[in-house]
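Scroll down for the structure; my scribbles are underneath it.
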Number of protein chains: 2
Amino acid sequence: MAKTTENATGTLGKAIEVLDIIASSAEPLRFTDVLKLSDQPRGTLHRQISNLIEEGLISVNRDNSYGLGLRLLQFASKAWASNQFRTIAEPHLQKLHEQTGETVHLGVLRGTEVIYLDKVESRQSVRMYSQIGNTAPAYCTGVGKAALSALPDDELDVRLAQVEFRCFTPNTLLDAKTLSAEIRQIRLEGNAYDREEHEAGICCVAAPIHSYNRHFIAGVSVTGPAYRITPDILQSWAGITRAAAGAIMANMATQLSPKM
Amino acid sequence: MAKTTENATGTLGKAIEVLDIIASSAEPLRFTDVLKLSDQPRGTLHRQISNLIEEGLISVNRDNSYGLGLRLLQFASKAWASNQFRTIAEPHLQKLHEQTGETVHLGVLRGTEVIYLDKVESRQSVRMYSQIGNTAPAYCTGVGKAALSALPDDELDVRLAQVEFRCFTPNTLLDAKTLSAEIRQIRLEGNAYDREEHEAGICCVAAPIHSYNRHFIAGVSVTGPAYRITPDILQSWAGITRAAAGAIMANMATQLSPKM
DNA sequence: AATTAAGTTCCAAATAATGGAACTAAGCAG
DNA sequence: CTGCTTAGTTCCATTATTTGGAACTTAATT
């Protein structure tokens with residue numbers, strides 16, 4: 001679960017790996033816990049953690065267990081505020097929300113996961129931090145499947161091979177073959193659907209967003225409760241969701257580079 | 001502006017310093033810009049940035065300028081959700097908001113700055129990320145001054161010496177002597193006030209929060225528009241703000257350590 | 001008081017970072 | 001188109017940092 005792919009980024013990579021171990025754990029870890037999860041010798045790990053604490057990336061709880069440091073919030077706040085893609089997408093998300101009245105998500109693909117970058121909803125009942133920055137598996141979310149569909153074939157194969165399927169609901173897709181077939185369908189239609197595949201009672205329609213060279217891949221979705229949003233209604237939003245995605249891509253082309 | 005205090009945290013420290021340079025800049029920096037701001041040789045800086053990119057901590061815009069990476073959002077989202085202090089404080093912030101009807105902030109002291117950790121307000125008109133994770137100078141905010149007042153004398157002197165005073169409004173305190181006097185007053189009263197010192201038209205009342213050994217220092221505040229919140233009204237909230245801070249400290253004592 | 005586990009410090013050996021210089025690519029002026 | 005300037009990238013012997021085993025201190029448990 002906390003096993004990060006063995007990176008070759010030297011000292012920094014190892015430090016971030018430790019950070020990842022601490023981030024991935026549900027409950028607070030103490031020194032020995034981290035020691036077991038990492039494959040570093042004690043002396044080494046101890047210094048790495050000391051450095052991370054010194055830099056404010058890790059905080060120490062009173063019982064000597066570790067948590068993520070607040071400096072990360074500081075960085076993230078700036079990352080979010082200054083993110084060009086998010087800034088460009090923002091008005092389009094707003095518009096899509098006004099057109100549908102439902103929650104709109106913006107997420108980017110990283111590996112086989114989706115990182116949620118923004119969210120627009122009517123009642124801000126749930127705290128934003130509970131969503132923004134959160135990740136979800138790409139294979140069982142609308143945004144994720146839309147994003148996967150925008151990958152070039154060779155790259156798609158690589159990613160599909162990395163997916164670790166897990167059953168969240170009775171509708172969750174559970175093998176690469178089914179997923180692959182669905183992605184072909186998404187490419188034809190231009191829209192992806194999440195039919196209560198990640199969370200029971202929640203469905204959505206999504207559309208892919210990508211940069212001209214497809215190095216950057218993202219997606220936008222409209223989400224709602226399944227009891228209220230019938231498949232027909234969902235499908236009726238497919239067009240405007242694609243339109244929003246298209247408008248964001250158009251804006252990216254004009255605003256992010258002199259010529260496309 | 002981006003000059004971080006020369007740290008001795010080895011390779012990691014240097015990498016984070018680069019991250020800080022990129023975070024501190026208003027507009028996107030290109031390679032040479034970062035080179036000028038850091039005092040690293042080109043080859044070195046180039047590798048450092050490459051590693052940061054590889055780890056997802058820095059992203060590259062299409063014009064080769066750098067921004068903060070989305071992986072920081074991922075970390076921050078977890079840091080926020082799992083933060084023990086914030087979790088403990090949350091219900092008390094909620095209650096304070098219900099009692100006053102105004103915006104409630106929770107912030108922790110880091111050096112001479114305050115990092116905002118949480119916020120409760122009625123109309124979520126402003127995006128949360130625009131506040132949470134944000135920092136502000138301690139000397140001109142209610143939460144910040146309350147926090148400073150909880151520092152032991154020797155530590156306070158150290159921090160006061162580090163403050164770089166800057167004028168935000170006509171009311172901003174501009175020298176250590178005045179600030180020091182005000183902190184003595186705050187210690188007597190148990191409350192700090194921001195009388196439009198950071199932002200014109202915005203005032204607040206705050207109270208300090210600290211761990212038993214005062215290694216961890218924070219503050220809670222009630223903020224409102226000055227045209228509506230007269231000094232009298234503000235003062236009438238002093239008691240419940242102190243009470244909220246006290247309740248949070250009591251909860252910390254019982255929940256964070258077996259015995260105090 | 002004895003025993004086990006948890007956390008911390010130390011230092012010679014191994015490894016990774018450094019930084020100067022050489023190199024390529026991009027932008028611009030004549 | 002050519003030469004000139006600036007921006008960005010790669011290379012590698014030298015240097016400095018990280019490594020990891022073991023010894024050590026402190027805290028918890030029996």
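Chain identifiers are assigned alphabetically (A, B, ...) following the order of the sequence lines, protein sequences preceding nucleic acid strands; residue numbering begins at 1 within each chain.
If you find the closest nucleotide of DNA chain C to Thr44(B) and to Lys14(A), the one lying nearer the 5' end belongs to Lys14(A).
Distance CZ/Phe165(A) to OG1/Thr112(A): 9.5 Å, rounded to 0.5 Å. Interatomic distance, Arg214(A) CZ to Glu155(A) CD, rounded to the nearest 0.5 Å: 12.0 Å.
Closest to the Thr11(B) side chain, of the nucleotides dT18(C), dT8(C), dT18(D), is dT18(D).
One finds no side-chain N or O of His46(A) lying less than 4.0 angstrom from the OP1 or OP2 phosphate oxygen of dG7(C). Residue Thr32(B) places at least one side-chain N or O under 4.0 Å from the OP1 or OP2 atom of dG8(D). Between Gln40(B) and the phosphate of dA17(C), there is no side-chain N or O to OP1/OP2 separation shorter than 4.0 Å.
Summarising the geometry, the separation between CG on Leu45(B) and P on dA17(C) is reported as 14 Å, rounded to the nearest angstrom. Straight-line distance from the CG atom of Asn51(B) to the P atom of dT18(D): 14 Å, rounded to whole Å. Distance, Asp33(B) CG to dG8(D) C1': 12 Å, rounded to whole Å. Going from atom CG of Leu12(B) over to atom P of dT18(C) covers 12 Å, rounded to whole Å. The separation between Phe31(B) atom CZ and dA26(C) atom C1' is 15 Å, rounded to whole Å. Rounding to whole angstrom units, CZ of residue Arg47(B) and C1' of dT10(D) are separated by 12 Å. Atom CD1 of Ile49(B) is separated from atom P of dA7(D) by 14 Å (rounded to the nearest Å). Spacing between atom CG of Asp63(B) and atom P of dA7(D) amounts to 14 Å, rounded to whole angstrom units.
Within the 4.5 Å cutoff, side-chain heavy atoms of Phe75(A) are placed close to those of Ile16(B). Side chains of Arg110(A) and Leu70(B) form no contact here, defined as non-hydrogen atoms less than 4.5 Å apart.
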| query | Tell me, for nucleotides 24-30 of chain D in 5' to 3' order, what letter each nucleotide earns: B for a base near a protein heavy atom under 4.0 Å, S for only sugar-phosphate near one, - for neither? | reply | -------

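Remark: the Glu55(A) side chain and the Thr9(B) side chain contain an N/O donor-acceptor pair separated by less than 3.5 Å.
Put simply, the side chain of Ser211(A) gets close to the backbone of Phe216(A): a donor and an acceptor are under 3.5 Å apart. Between the Asp63(B) side chain and the Ser65(B) main chain, a donor and an acceptor come within less than 3.5 Å of each other.
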